[in-house]
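Because the structure is a prediction, the values reported are computed rather than measured. In what follows, every chain begins at residue 1, and chains take the letters A, B, ... in the order their sequences are listed. The analysis underlying the following values was restricted to heavy atoms, covering all of them including side chains, and did not include hydrogens, waters or symmetry mates.
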There are 2 protein chains.
Amino acid sequence: MQRPDEKKRQKITATAAKLFATRPFHEVRLDDVAAAAQVGKGTLYIYFKSKEDLYRSLIHDGVMQIMEQLSQSITNDLSPGDALEKTIRLMVTFAYAHPYLFELMRAIDSFKGRESLLPARRQLIGFIEQVLRRGADQQSWTDPHPQLTAVFIPGLIRSAILYGPKDIKEKALADQILRLFRHGLQKETFR
Amino acid sequence: MQRPDEKKRQKITATAAKLFATRPFHEVRLDDVAAAAQVGKGTLYIYFKSKEDLYRSLIHDGVMQIMEQLSQSITNDLSPGDALEKTIRLMVTFAYAHPYLFELMRAIDSFKGRESLLPARRQLIGFIEQVLRRGADQQSWTDPHPQLTAVFIPGLIRSAILYGPKDIKEKALADQILRLFRHGLQKETFR
DNA sequence: CGGTCAAAACTGACCCGTCAGTATTGTAAA
DNA sequence: TTTACAATACTGACGGGTCAGTTTTGACCG
């Protein structure tokens with residue numbers, strides 16, 4: 001007897017991620033996904049309810065992975081400043097390690113008009129927001145709108161990855177974002 | 001009646017923008033666009049080569065509009081600081097005035113014909129980059145990667161509009177972004 | 001071990017609804 | 001009468017999803 005094979009699921013996932021990252025949703029053919037994953041088309045429907053479900057899973061899995069890493073390494077014994085730095089570096093590292101995820105998110109939209117903003121995404125934003133709030137509470141910094149700043153972080157990474165100079169390196173990106181958060185465009189700072 | 005009616009073209013454009021902003025590309029029916037625009041389906045094909053061409057035009061027109069407004073109001077007699085502030089405020093205002101554009105941009109680079117959109121975007125980024133470089137040249141601030149910072153600006157606006165708290169107001173968003181650029185999360189500044 | 005079998009996984013040809021795009025018709029204005 | 005276009009009918013490709021048939025797996029038994 002075969003159990004739904006986790007290996008196979010991941011093979012499909014990995015393959016699909018590449019395709020969905022390359023072209024928009026409506027240009028991805030499930031026949032192509034199946035072929036590329038060396039799997040029968042029907043098999044896709046064993047692991048995923050529909051094309052949309054497959055797509056959503058890709059993003060969900062990715063976001064959950066980041067979440068896991070974050071909640072594992074951002075502990076409360078860190079100073080707010082260290083927590084923010086770690087958060088940003090970790091997310092940037094992740095973006096470089098999984099070049100497809102941020103491309104995928106391009107089309108993360110309300111399918112069917114439902115305002116079904118992926119719960120996973122909300123969770124991630126919530127996590128970042130907590131980091132920001134903690135810093136504000138402890139007077140490490142001030143932020144009139146932590147929730148806004150929270151969405152900024154993935155937004156910055158996304159725009160850099162998608163539209164930034166292609167030769168920009170991981171460290172440079174993280175440094176630039178941190179710089180922005182620490183003292184904006186100001187020459188130097190003491191902090 | 002004349003053939004190339006600019007009014008009609010804009011009616012189609014405005015209507016289509018709403019629909020494309022509401023649902024993903026593949027869920028928009030040209031029958032619906034035509035009906036909503038009170039225009040015959042065939043008429044769409046007088047003004048646009050294809051569904052994709054229509055979509056592309058929406059974004060292209062939008063980006064060009066921003067560009068025009070920017071290049072008109074950001075003159076070299078402004079101090080770098082003022083230029084940056086104006087740039088950001090103008091873009092935020094535009095985003096609020098055209099709530100659909102940034103939703104549309106979700107998939108700006110996902111089409112076969114994406115290349116035709118890139119020049120417009122590049123132009124916009126290039127413009128912002130110049131503003132940033134001018135500030136750096138004149139010692140108003142420092143920026144190791146102006147090109148990166150340039151893509152940050154639309155990225156920040158986009159993420160706020162798409163994923164930020166829905167009740168955030170225009171001024172608050174612009175202020176928050178400016179704050180970030182001026183002194184990051186630091187409490188206060190003199191600048 | 002080897003054989004038997006059931007259950008589940010897998011496959012891919014095929015079905016069938018859906019639209020993008022086109023052609024036709026009706027009509028109102030000029 | 002002619003022009004322009006809304007309305008509407010039409011069509012054909014296309015691709016998501018299905019399912020009858022095939023293969024694989026592992027449990028149980030002698």
Side-chain angles (χ1 to χ4, degrees), chain A residues 1-60 104 106-114 116, chain B residues 1-60 104 107 110-114 116-117:
Chain A
M1 185 180 17
Q2 283 186 358
R3 292 244 47 78
D5 185 355
E6 185 55 26
K7 280 277 161 40
K8 188 163 290 189
R9 188 195 154 91
Q10 281 177 2
K11 184 165 191 187
I12 294 172
T13 289
T15 311
K18 284 184 205 172
L19 292 178
F20 278 111
T22 305
R23 17 181 174 289
F25 185 84
H26 73 278
E27 279 179 22
V28 174
R29 308 286 154 242
L30 288 192
D31 284 308
D32 294 346
V33 173
Q38 293 169 291
V39 148
K41 192 180 181 181
T43 304
L44 299 183
Y45 287 84
I46 294 172
Y47 294 89
F48 305 94
K49 223 172 75 288
S50 65
K51 184 182 183 181
E52 199 180 306
D53 181 52
L54 167 57
Y55 177 80
R56 296 179 104 101
S57 299
L58 298 180
I59 295 173
H60 179 85
L104 283 180
R106 258 195 321 233
I108 196 178
D109 40 50
S110 36
F111 273 112
K112 311 283 189 206
R114 305 279 173 243
S116 56
Chain B
M1 305 275 169
Q2 337 78 329
R3 263 178 269 77
D5 184 353
E6 187 52 27
K7 280 276 161 44
K8 188 167 291 186
R9 188 194 154 93
Q10 282 178 0
K11 186 165 190 185
I12 294 172
T13 290
T15 311
K18 283 185 206 173
L19 291 178
F20 277 113
T22 305
R23 19 183 175 285
F25 184 86
H26 69 280
E27 282 179 18
V28 174
R29 307 288 154 241
L30 287 193
D31 285 304
D32 294 346
V33 174
Q38 293 168 291
V39 147
K41 192 179 179 182
T43 305
L44 297 182
Y45 287 85
I46 295 172
Y47 294 89
F48 304 96
K49 220 172 77 289
S50 66
K51 182 181 182 181
E52 213 180 284
D53 181 50
L54 166 58
Y55 181 84
R56 231 187 333 243
S57 298
L58 299 180
I59 295 174
H60 185 264
L104 285 179
S110 13
F111 288 94
K112 294 199 281 290
R114 77 200 73 144
S116 62
L117 286 178

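- Taking the side chain to side chain donor-acceptor pair (under 3.5 Å) definition, one finds that B:Lys11 meets it with B:Gln38, sequence neighbours left out.
- Summarising the geometry, the separation between NZ on B:Lys7 and C1' on D:dA4 is reported as 18 Å, rounded to the nearest angstrom.
- Atoms CD1 (B:Ile46) and P (C:dT22) sit 12 Å apart, rounded to a whole Å.
- For A:Tyr45, the side chain to side chain contact (heavy atoms under 4.5 Å, CB included) partners are A:Leu30, not counting sequence neighbours.
- Among the heavy atoms of the strands lying under 4.0 Å from B:Thr43 are primed sugar atoms or P, OP1, OP2 only; no base atom is included.
- In this entry the distance linking CZ of A:Phe48 with P of D:dT18 reads 16 Å, nearest Å.
- Counting heavy atoms from C-beta on, the side chains of B:Val28 and B:Tyr55 never come closer than 4.5 Å.
- Here C:dA20 presents its C1' atom at 18 Å from OH of B:Tyr55, a figure rounded to the nearest Å.
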Quiz prompt | Under 4.0 Å protein heavy-atom contacts per nucleotide of nucleotides 11-17 of chain D, with B for base, S for backbone only and - for none | solution = ----SBB
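- B:Lys49 is linked by a side chain to side chain donor-acceptor pair (under 3.5 Å) to nothing, counting only residues two or more places apart in sequence or in another chain.
- Atom-to-atom, CD of B:Gln38 to P of D:dA4 comes out at 21 Å; the value is rounded to the nearest Å.
- Applying the side chain to side chain contact (heavy atoms under 4.5 Å, CB included) rule to B:Asp31 yields the partners B:Lys41; only residues at least two apart in sequence or on another chain are considered.
- The nearest whole Å value for the distance from the CG atom in A:Asp32 to the C1' atom in C:dG12 is 15 Å.
- Here the C1' atom of nucleotide C:dA20 and the CD atom of A:Glu27 are 14 Å apart, to the nearest Å.
- Applying the 4.0 Å criterion to OP1 and OP2 of C:dC10, one finds that A:Tyr47 has a side-chain N or O inside that range.
- Between A:Gly42 and B:Gly40, it is B:Gly40 whose nearest contact on DNA chain D lies nearer the 5' terminus.
- When all heavy atoms of A:Arg23 and A:Glu27 are compared, the pair lying nearest together is CD-O, 3.4 Å.
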